[in-house]
Amino acid sequence: MSSYDDLASQALAEIEQADGVDALDALRPAIFGKKAPLTEAKKGLGQLEPDERKEAGQALNAARQQVEAAFDERRAGLAASARAEALEAERMDLTEHLGATAGGHAHIVTQTRDRLEDIFIGMGYSIAEGPEVETAWYNFEALNIPEWHPARGSFDTIFVNLGEPEEVMLRSHTSPVQIRTMENQEPPIYIVCPGRVYRTDTADATHLPAFNQIEGLVIDKGITLGDLAGTIDQFVKALLGPDLETRLRPSYFPFTEPSAEFDIRGADGSWLELGGCGMVHPNTLRACGIDPEEWQGFAFGFGIDRLAVMRYQTDDLREFVNNDVRFLKQF
Amino acid sequence: MKVLLSWLREFAPDIDGDPVELGEEMSALGLAVEDMTITGEGLDGIVLAKVLDLRPHPDADKIQLVDVDMGDGEALQVCCGAFNMSVGDLIPFATIGTVMPNGMEIAQRKLRGEMSNGMCCSAAEMGMGEDHDGIMLLTNTIDTGATPLGTPITEALGMERDVLWDLEVNANRPDAMSVAGVARDLAATLGVPFAFPEHTYTPGSGLVTDEAKIEIIDPSLCGRFLARTIHGVEIGTSPLWMQQRLTALGMRPINSVVDISNYVMLELGQPNHTYDLDTVPGGHIRVRRAHEAGETITTLDGVERSLIASDGVIADGSDRAIGIAGVMGGLDTEIGDTTTSVLLEMAWWDPPSISRTIKRLNLPSEAGTRYRRGADWGENMVRAVDRFCQLIGEAGATTATGTIDEHGTTPDRAPRPVRIARVNGILGTDLSATDMQGHLESIGFDVSDVSDDSMQVTVPTWRWDTETETDIAEEVGRMYGFETITKTVPKPEQNGALTPYQADRRAVRSALVGAGCSEIQPMPFLAPGDLARVGLPEDGVTLTNPLVHEESVLQTSLLPNHLKAVAYNQSHRSGPVRLFEVARVFLPSGEDQLLPDEREHLAVIISEAEAPAAVEMLDILDRTLALPNVQLRPSTPAGMHPTRSADVVIAGKVRGHVGEVDPAVAEAYGVAGRAAWIELDLGSILDGPHGNRKYSPISKFPSSDLDLAFEVPDTVTAANILGALRKGGGKQLVDAHLFDTYRGTGVAEGARSLAFRLRFQASDRTLTDTELAELRDACIAAAQKQKGVTLRG
């Protein structure tokens, strides 16, 4: 019996001395192979008396199991420390990276415009576009602004040297797109027209001669001023948050009647004018071949740049057109 | 339009309440409050003082030393930056310790070595109007016998606490260009009474009809002309209360007659004009259009102006022009210090006619603004001449008996039918006819024949711009309150969606951003010469009224502004940069086209990079849009590097250029180093065929790769070889690309080595060695068909 224990102790000592997985594996034949002492001992069992044999067999088995368990345990331990050592050797400081290629940035106005477009698409609108150089018909006359009208002066129009004097201009609002849409499309119409517009405003922190606007137009049966107020309320809440309040205030635009300004009220309780709106003037509908007795509609418009300013708290509109990457990369 | 609470209350005494809330009421009526000031408050410490002496500051040019007397006979020295005072003038003087309306506290201080013991005040500094130009002079308005020096200024000027609102009045509200008109609106919304005060005068002995004669030659120009003659006029200063109100409303007091004229205009909204009666023979005035042949007049600003046939003219009996109707009077008939008799004109002019002349002559004025929006042609004109005569009567003048009242053409204001359902249909309300009647009558509209379905509405004469059923609906809505209308949202039957064009344009932007490009949005303006500097024709459309000469041409190419952008960033040590833009260019169009040929272009500039960087951007676009058959055709586009540029040909059509900016052009724009450049007509590309992606099943069979290197003369492009290889390999060649180029030892002069990696694979079987050998031979043969191309060992 004790001889089995000796055999086991000897094997255990060898296992303990192995200093790596490979060295341990190399011991395997000497401990468990055909010529190994424990294997040889098993052969010797047959020479024993039956009653002794049983007891000796159990003892030998126990010794062998003890050695096998120690081997497996030692092997797992050695493998784990080898892995730990290898991993430690390749430890890396992830902040130690060289500057990757600089990322690109969509313009602050594009980002704002896309967001607005998406909100209106969600409300069932399409996006309409049109030329930036326009005729007086589309920019003024079809919009119920005859040649003598004082409102013409208020648009501070930039004219171009084509046609008769003051016949062709850089559009001073995106409303010409509304006219072109009404001319080309049967109602119902649900569109927004984003785009660049131009006025003789000297560039400063809050003005640019080229700036961006978005206008909406709805022509359908039974459209009311209440629909306009509700639509403005809906998109303002979608854009700026559900807690914002909106209101309409009577105003004047030649192409809408009734006309209104729309204000928003934020957390601080003060009202801020956001844009203009109104029910499309019957003269404008008629100019586009739409019967105002059958169809009614509303229009609204506001500045995209201003929303970008509000959202990002920029302080100088000129940055929008200055092409300075130090500005562009912030958004 | 500015209004004072005290003035409004002369028409509606019950207007009262918190000034901010009253302002909100006016905003809700469409009279947006732009500014509000409480006047006559915070002036404690400001007293009446007299200027005793003026002398230069020994050590400063922009201030002088003033000695003032506050009533104790002592000379108190102050330093003052204004120079409009004379010795003996009476002025408002802020003593030490006074806190001004703007919060500034007056302290004793030294200015360049001289003591200053207070401050001489301008009207603006006291919150009384906008006149910052000088110290407020009270010399002619205060009698020191009744009001001794040292009297608090509020007492000396009879000032009381008042509220001044600056209102934004829209072009369709001529009525609100007067204190009375604002009072009418506000009284209606507050539900308090509104009435015009009685102003009477005692006429003199003479008859106006003996002293003046008015002929309206062109009734389309002048709808109504009221005239009176006034005698015993003394040109002096007007009473202090009048000066204060004029100042508060932003008009400078001039003299007793001009001030009354302005006062009546501000109060009742009726502009008027005064002639020195002695300069108008027989008081005879003829109202007509200017002569077809043209005529000239010297206006009271001393400028000789040429008139055209559409201008309105006031002529005298000899047909000499003595005024431009509704725009400006003539110099010859202007009232002056010696004037004793005045011819008063109170007229109504056709708004479009006045508007055209104001615009043509660029002569805006307070009167013109009211005329072009449409003044009142009704009873208010008589009220206004009465008010004028009453005020000038208080100044000692006498008005002759009677009124000349000539009529031309005025707008038709017959009652018009208004449908109740239509008004509710516009507003989204459910108001009864009686509700509407109440709202309309509260602001002076006449309503009759009211039934459940309709009513007859007469628009008052003070609402020139209000005419149609829709206009009337707006008035109902305004008085009902826009904020009261229930908010609803219409539900369109259509789906909202980007068009394919718009979706693709977004995809292009995203792809370029992903490729490290930042989007710029320069204004599309160029300076004259910018196009020539990039070798393009100087045929950009020019602006008639550019803000600056450097921004007077519309771009026909995105290149100039991109070069400027790179130069700007380089000069700010931000670089290298990759910038892109999607923007309009404006190409000159044919004779039969009025508008320019406007196109949407896409451009990318990569600074400090060579041509292949731009070609890479084209590859990105190709992958993003699945462009059909993109080819590079060597060419020398304007502004681009002559040997490193190509036309981009898509499905057989030239859609732009790619390559490098001509080094000379880059230098001309101050760009350092090379710049890769691509500009495409994105609009045409997106409108053309693209995006046709077809699935091909992925083969389950193994593939084989093969590398082939050729010596290729410089006359043959890599694209040529690739094309040949594809042809040779047929459908079993599933991929082919250039992976190495080499020039030097072992390769002939004027040629380079191009190495291609080819992958062969069949969809239905494993290719045998024999098949692969045949494919290899076919590819080599195809490549070598190009002149001078040989397989390298």
Side-chain angles (χ1 to χ4, degrees), chain A residues 101-107 109-110 120-127 131-133 135 148 150-151 153 158-163 168 188 190 200 202 209-210 218 220 222-227 229-231 233-234 247-252 257-258 260 279 282 320-321 323-326 328-329, chain B residues 27-30 32 170-172 352 355-356 359 372 425-428 470-471 473-474 477-478 482-483 485-490 492 494-498 502 509 512-523 541-545 547 565 568-569 574 577-579 584 586 594-596 598:
Chain A
T101 27
H105 300 263
H107 195 278
V109 168
T110 300
F120 284 108
I121 286 170
M123 291 168 69
Y125 291 61
S126 306
I127 316 296
E132 294 181 8
V133 176
T135 61
W148 59 268
I158 301 177
F159 295 97
V160 303
N161 294 321
L162 291 171
V168 182
Y190 288 77
T200 56
T202 302
V218 166
D220 207 337
I223 294 292
T224 69
L225 189 64
D227 288 332
T231 299
D233 200 61
Q234 188 176 43
R247 72 171 180 194
L248 302 192
R249 264 187 303 112
S251 187
Y252 172 73
E257 181 94 33
M279 300 297 291
F320 286 29
V321 296
N323 316 317
D324 189 327
V325 293
R326 294 170 300 177
L328 302 172
K329 73 182 180 190
Chain B
S27 286
L29 288 165
N170 294 308
N172 65 332
S355 217
R356 288 187 186 105
K359 189 183 167 204
R372 73 196 301 194
I426 290 169
L427 299 175
T470 318
D471 294 335
E474 177 174 51
R478 207 167 61 78
F482 282 10
E483 286 181 72
I485 294 171
T486 309
K487 290 173 174 147
T488 47
V489 182
Q494 66 169 31
N495 283 314
L498 293 173
Q502 291 160 346
R509 278 200 173 100
L512 290 172
V513 167
C517 303
S518 283
E519 188 186 11
I520 58 171
Q521 294 192 351
M523 296 194 284
V541 174
T542 55
L543 305 182
T544 314
N545 52 336
L547 282 156
Y568 176 89
N569 281 297
S574 311
V577 293
R578 292 174 166 234
L579 305 174
R584 307 286 176 89
F586 307 86
L594 187 56
L595 295 180
E598 205 169 303

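Chain naming here is simple, since letters A, B, ... match the order of the sequence lines and numbering starts at 1 in each. All values reported here derive from a predicted model rather than from experimental measurement.
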Visitor: Answer with side chain, backbone, both or neither: which region of B/Ala171 has an atom nearer than 4.5 Å to a non-hydrogen atom of chain A?
Guide: both

Visitor: Given heavy-atom pairs under 4.5 angstrom as the criterion, report whether the side chain, backbone, both or neither of B/Thr486 touches chain A.
Guide: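 The backbone, not the side chain.
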
Visitor: Under a 4.5 Å heavy-atom cut-off, does chain B meet the side chain of A/Leu248, its backbone, both or neither?
Guide: both

Visitor: Can you tell which of A/Thr200, A/Val218, A/Ile223 has the highest number of heavy-atom pairs within less than 4.5 Å of chain B?
Guide: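 Option with the top pair count is A/Thr200.
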
Visitor: What I want to check is whether the side chains of B/Thr470 and A/Glu257 have a donor and an acceptor closer together than 3.5 Å.
Guide: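 No, no side-chain donor-acceptor pair sits under 3.5 Å.
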
Visitor: Sort A/Val325 into side chain, backbone, both or neither according to what part of it lies under 4.5 angstrom from a heavy atom of chain B.
Guide: both

Visitor: Please flag which part of B/Ala28 lies under 4.5 Å from any non-hydrogen atom of chain A: side chain, backbone, both or neither.
Guide: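 Contact with chain A involves the backbone of B/Ala28 alone.
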
Visitor: Rounded to the nearest 0.5 Å, what separation is found between the OH atom of A/Tyr252 and the CG atom of B/Asn172?
Guide: 6.0 Å

Visitor: What part of A/Phe320 lies closer than 4.5 angstrom to a heavy atom of chain B: side chain, backbone, both or neither?
Guide: backbone

Visitor: Give, as side chain, backbone, both or neither, the part of B/Gln494 having an atom under 4.5 angstrom from any heavy atom of chain A.
Guide: both

Visitor: Relative to chain A, which segment of B/Val489 carries a heavy atom at a distance below 4.5 Å: side chain, backbone, both, or neither?
Guide: both

Visitor: List the residues meeting side-chain hydrogen bond (donor to acceptor under 3.5 Å, both in side chains) with B/Gln502, not counting sequence neighbours, and say none if there are none.
Guide: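 side-chain hydrogen bond (donor to acceptor under 3.5 Å, both in side chains) list for B/Gln502, sorted by chain: A/Glu129, B/Thr499.
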
